[in-house]
Novice: 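Here you go, one structure.
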There are 2 protein chains.
Amino acid sequence: MQNMELQAEAIHVVGPCDIWSFPLKMRERHPLEYVRQFPHLRCRNNTLGALLRIRSEATASIHSFFQDNGYVHIHTPIITSNDCEGAGELFQIETSREEKESVEKSHFFNVPAFLTVSGQLHLEVMAGAFTHVFTFGPTFRAENSQSRRHLAEFYMVEAELSFTESLQDIMQVMEDLFKTVTSTVLSKCPCDVELFHKYIAPAQKGRLEQMLKHKFMIISYSEAVEILKQAPQTFTFKPEWGCDLQTEHEKYLVKHCGEVPVFVVNYPYDLKPFYMRDNEDGPQHTVAAVDLLVPGVGELCGGSLREERLPFLESRLQRLGLTDAYQWYLDLRKFGSVPHGGFGMGFERYLQYILGVDNIKDVIPFPRFSHSCLL
Amino acid sequence: MQNMELQAEAIHVVGPCDIWSFPLKMRERHPLEYVRQFPHLRCRNNTLGALLRIRSEATASIHSFFQDNGYVHIHTPIITSNDCEGAGELFQIETSREEKESVEKSHFFNVPAFLTVSGQLHLEVMAGAFTHVFTFGPTFRAENSQSRRHLAEFYMVEAELSFTESLQDIMQVMEDLFKTVTSTVLSKCPCDVELFHKYIAPAQKGRLEQMLKHKFMIISYSEAVEILKQAPQTFTFKPEWGCDLQTEHEKYLVKHCGEVPVFVVNYPYDLKPFYMRDNEDGPQHTVAAVDLLVPGVGELCGGSLREERLPFLESRLQRLGLTDAYQWYLDLRKFGSVPHGGFGMGFERYLQYILGVDNIKDVIPFPRFSHSCLL
């Protein structure tokens with residue numbers, strides 16, 4: 001596609017480049033794994049260039065979406081003394097000097113400090129002052145995984161809404177966010193998106209536009225388990241009420257629903273973290289949690305209503321032996337609690353989904369994962 | 001100021017709050033040091049509430065400024081194997097598991113990894129693909145300082161411009177950014193800004209509007225040293241060509257110029273990092289560097305032209321014994337180098353300046369500094 005032609009009268013070389021030693025060749029479509037070897041040069045490749053322009057537009061659109069809807073942006077902390085869900089491996093922080101100096105080292109912050117895995121609890125602090133808040137920043141997992149869906153450093157969009165008593169409200173914001181940002185990217189970067197849908201993921205072409213026209217589907221966790229149990233195929237992990245949905249299950253559910261985004265709601269109480277709200281549909285039976293599953297990627301978003309009732313939260317933290325560590329979190333309920341909830345969306349997985357990129361390492365400028373931290 | 005009155009027919013208490021144990025009292029103007037003790041509740045105080053709304057507007061305005069001017073937003077990495085300027089103390093990262101497991105531990109990333117102190121070098125990578133790029137994210141210093149101007153975790157806005165051969169271009173963007181964001185904040189949050197200029201920093205009132213009308217001043221480092229030498233006051237550090245400007249010097253210079261923002265340009269070669277461009281006004285005499293000094297805060301921004309000439313950079317890195325570590329950075333010059341430059345602005349210092357807030361801990365939602373990492 002070329003709608004312009006240049007006729008130069010003179011050419012001035014600003015900085016020469018030896019084409020023999022330069023690893024990216026003209027008029028050659030290098031595989032993404034190949035260009036990944038050159039983290040300092042790969043942005044000059046047109047696929048990565050297109051990706052980074054799209055990423056930039058999506059970033060701007062996320063900020064606009066929340067700002068336009070009256071959300072206050074909060075920089076939740078990167079370094080934290082709090083390990084949120086207790087889930088996932090954490091990165092710990094020390095000053096480089098400490099390591100050298102002494103055996104019985106003292107911490108820079110006096111307490112052990114970690115890289116954040118989620119800004120949610122800090123957003124809940126803020127939801128006590130502002131009705132709607134959001135954050136969009138880096139989060140970290142020290143998982144020793146080489147999967148095409150995991151990074152050690154990745155970006156999350158997280159939002160928290162006060163005065164909300166239904167998961168529907170949360171799902172509405174998730175769907176609106178997804179559709180608004182995707183429409184913006186499609187209209188602002190048509191050529192860059194086209195490149196992906198032409199060369200990287202031809203099957204994706206036209207699908208996004210279709211998806212934008214329809215409401216996302218909603219099924220309950222219990223329905224999901226029934227669907228899986230009745231599936232004609234055999235799974236490595238047998239589907240059973242009370243067990244986590246595995247990647248193979250997510251994949252099947254999305255296919256079963258027609259390769260469209262699907263919300264799965266109301267998960268077993270024991271599967272989910274302490275802050276999720278008890279649905280009271282039985283003794284500690286299910287909580288008001290929601291995951292959004294999308295084709296090709298699996299879990300894209302996760303959210304829930306938060307347990308705003310002090311006695312419920314107290315007894316749950318007590319059973320977990322976490323009352324002391326989360327006294328401040330109980331305080332949020334003690335001093336003027338309101339029903340609230342929120343969600344998080346993995347930004348790289350979002351980009352993977354809309355562009356059809358197989359490996360998450362190809363949708364972030366400088367991927368960090370186990371055994372690799374280039375530049 | 002109240003332009004509305006409510007007449008309630010019924011009141012429904014959503015979540016009660018015991019006013020006797022709640023640490024923030026109604027109709028009381030608590031000192032900022034007092035509310036700082038309650039990181040999970042202080043956002044409910046009206047001063048912190050105003051601050052966070054202003055911070056949110058300023059954040060949105062920074063994104064818009066760059067987006068409107070054709071910049072591509074880049075998420076530069078938080079974890080890096082590169083220590084940028086070699087300046088400042090670094091935080092090092094390990095997985096929390098490693099520490100427990102073995103004495104001869106191996107690194108998660110195979111190499112020592114640190115929290116970033118600047119996204120500049122990574123932005124320079126991107127400036128080889130896009131003409132204008134910017135980043136706006138957290139940066140870290142493990143300095144054991146309790147100063148009112150330093151945090152262990154703080155936010156920086158950084159931009160890099162290709163095809164730029166003069167510091168003037170860089171300073172123009174710095175000034176435009178500053179003025180655009182400040183105008184936006186003043187027009188979008190008049191009441192919140194008013195609160196600061198009424199109760200926190202009365203001297204600031206009206207000054208910002210004045211400042212927005214005038215061009216920032218520009219003096220050279222050599223002129224600055226002359227001004228300091230002729231000052232009627234005695235400094236703790238004697239001003240001398242070739243020495244760093246100290247806080248007391250910055251303060252005097254800003255006062256001397258009439259309490260307005262002042263650019264200081266062309267610093268001694270030996271004072272500045274290896275990537276700054278030699279002005280060739282003598283054998284390794286000065287480099288094309290610029291700092292922006294503002295009243296009350298001191299250094300708000302720092303920038304420079306980057307050394308784009310391969311032989312200059314090679315010989316400088318060789319003298320420093322850094323050729324191997326920065327081979328990738330030399331590659332950027334080897335494969336199609338262009339004249340370029342950029343700058344960084346400390347976001348918290350910016351907020352301190354426009355609002356007249358004395359302590360940097362009061363302009364960030366969750367301050368992290370030596371001996372303190374609450375929540």
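Only a predicted model underlies this, so the values are computations on that prediction, with no experimental measurement involved. Lettering follows sequence order; numbering is per chain, from 1.
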Novice: Which bit of B:Pro16 is near chain A, if near means a heavy-atom gap under 4.5 Å: side chain, backbone, both or neither?
Specialist: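 Contact with chain A: backbone only.
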
Novice: Would you say the side chain of B:Lys334 lies within less than 4.5 Å of the side chain of A:Asp18, judging by non-hydrogen atoms?
Specialist: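 No, their side chains stay 4.5 Å or more apart.
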
Novice: Which one of B:Ala152, B:Ala60, B:Gly336 has the most heavy-atom pairs closer than 4.5 Å to chain A?
Specialist: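 Maximum pair count with chain A is reached by B:Gly336.
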
Novice: Counting heavy-atom pairs closer than 4.5 Å to chain A, which one of B:Thr59, B:Ile19, B:Val14, B:Ile79 comes out on top?
Specialist: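 Most pairs with chain A among the choices: B:Ile79.
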
Novice: Specify which of B:Ile74, B:Leu332, B:Val338, B:Val111 makes the most heavy-atom pairs with chain A at under 4.5 Å.
Specialist: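 Ranked by heavy-atom pairs under 4.5 Å with chain A, first place is B:Leu332.
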
Novice: Could you walk me through whether B:Phe109 and A:Phe91 pass the ring pair (Phe, Tyr, Trp, His ring centres under 6.0 Å) check?
Specialist: CA-CA 11 Å; B:Phe109 295 110; A:Phe91 285 113; 5.6 Å; yes

Novice: Tell me, do A:Thr95 and B:Glu89 make a side-chain contact under 4.5 Å, heavy atoms counted?
Specialist: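 They are not in contact (no side-chain heavy atoms under 4.5 Å apart), so the answer is no.
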
Novice: Is there a donor-acceptor pair under 3.5 Å between the side chain of A:Glu153 and the backbone N or O of B:Ile78?
Specialist: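 Yes, because the side chain of A:Glu153 sits within donor-acceptor range (under 3.5 Å) of the backbone of B:Ile78.
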
Novice: For a 4.5 angstrom cut-off between non-hydrogen side-chain atoms, does B:Phe335 reach A:Arg44?
Specialist: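 The answer is yes, as the side chains (C-beta and beyond) meet within the 4.5 Å cut-off.
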
Novice: Could you give the distance from CD1 (A:Ile93) to CZ (B:Arg368), rounded to the nearest 0.5 Å?
Specialist: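 These two atoms lie 9.5 Å from each other.
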
Novice: With side chains defined as the heavy atoms from C-beta onward, is the minimum distance between A:Thr80 and B:Leu375 less than 4.5 Å?
Specialist: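 A side-chain contact is absent here, since even the closest heavy-atom pair is not under 4.5 Å.
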
Novice: Please examine the side chains of B:Met126 and A:Phe366, heavy atoms only from C-beta on, and report whether any two atoms are closer than 4.5 Å.
Specialist: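 With C-beta onward as the side chain, the pair touches.
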
Novice: Does any heavy atom of chain A fall under 4.5 Å from the side chain of B:Phe154, the backbone, both, or neither of them?
Specialist: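 For B:Phe154, neither part sits under 4.5 Å from chain A.
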
Novice: Under 4.5 Å from any heavy atom of chain A, what part of B:Phe140 do you find: side chain, backbone, both or neither?
Specialist: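 Answer is side chain: those atoms of B:Phe140 sit under 4.5 Å from chain A.
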
Novice: Counting heavy atoms not belonging to B:Gln37, are there more than 12 under 6.0 Å from its CD?
Specialist: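 Yes, enclosed.
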
Novice: Of the listed residues (A:Leu48, A:Asn110, A:Leu115), which shares the most heavy-atom pairs with chain B below a 4.5 Å separation?
Specialist: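 Of the options given, most contacts go to A:Asn110.
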
Novice: Against chain A, label B:Tyr71 side chain, backbone, both or neither, depending on which of its atoms sit under 4.5 Å from a heavy atom there.
Specialist: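 The backbone, not the side chain.
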
Novice: Determine whether a donor-acceptor pair (N or O, by modelled atom type, separation under 3.5 Å) exists between the side chain of B:Ser81 and the backbone of A:Cys373.
Specialist: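 Side chain of B:Ser81 to backbone of A:Cys373, a donor-acceptor pair under 3.5 Å: yes, one is there.
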
Novice: Do we see a donor-acceptor contact under 3.5 Å between the side chains of A:Arg55 and B:His75?
Specialist: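 A donor-acceptor contact under 3.5 Å links the two side chains.
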
Novice: Counting only heavy atoms closer than 4.5 Å, note whether B:Ser21 contacts chain A via side chain, backbone, both or neither.
Specialist: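 When you check distances to chain A, atoms from both the backbone and side chain of B:Ser21 fall under 4.5 Å.
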
Novice: Measuring from atom CD of B:Gln67 to atom NE2 of A:His63, what distance do you get when rounded to the nearest 0.5 angstrom?
Specialist: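 Here the interatomic distance stands at 9.5 Å.
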
Novice: So for B:Phe130, is it side chain, backbone, both, or neither that comes closer than 4.5 Å to the heavy atoms of chain A?
Specialist: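 Answer is side chain: those atoms of B:Phe130 sit under 4.5 Å from chain A.
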
Novice: Check whether A:Ser370 gets within reach of chain B through its side chain, its backbone, both or neither, counting any heavy atom under 4.5 Å.
Specialist: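 Contact with chain B: backbone and side chain both.
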
Novice: What part of B:Pro39 lies closer than 4.5 angstrom to a heavy atom of chain A: side chain, backbone, both or neither?
Specialist: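 Contact with chain A involves the backbone of B:Pro39 alone.
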
Novice: Measure B:Phe136 against the heavy atoms of chain A and call it side chain, backbone, both or neither at under 4.5 Å.
Specialist: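 Contact with chain A: side chain only.
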
Novice: Select one option (side chain, backbone, both, neither) describing which atoms of A:Leu374 are under 4.5 Å from chain B's heavy atoms.
Specialist: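 For A:Leu374, the contact with chain B is made by the backbone alone.
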
Novice: Please give me the minimum heavy-atom distance between B:Ala129 and A:Cys43, naming the atom from each residue.
Specialist: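 The pair with the smallest heavy-atom distance is CB-O, 3.3 Å.
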
Novice: Is it the case that the side chain of A:Ser56 and the backbone of B:Val72 share a donor-acceptor pair, with hydrogens and angles ignored and the cut-off at 3.5 Å?
Specialist: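 No; zero donor-acceptor contacts below 3.5 Å.
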
Novice: Going from NE2 on A:His40 to OH on B:Tyr329, what distance comes out if it is rounded to the nearest 0.5 angstrom?
Specialist: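 Atom-to-atom, A:His40:NE2 and B:Tyr329:OH are 12.5 Å apart.
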
Novice: Under 4.5 Å, counting heavy-atom pairs only, tell me which of B:Ser372, B:Gly137, B:Pro138 racks up the most with chain A.
Specialist: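 Answer, by heavy-atom pair count under 4.5 Å with chain A: B:Ser372.
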
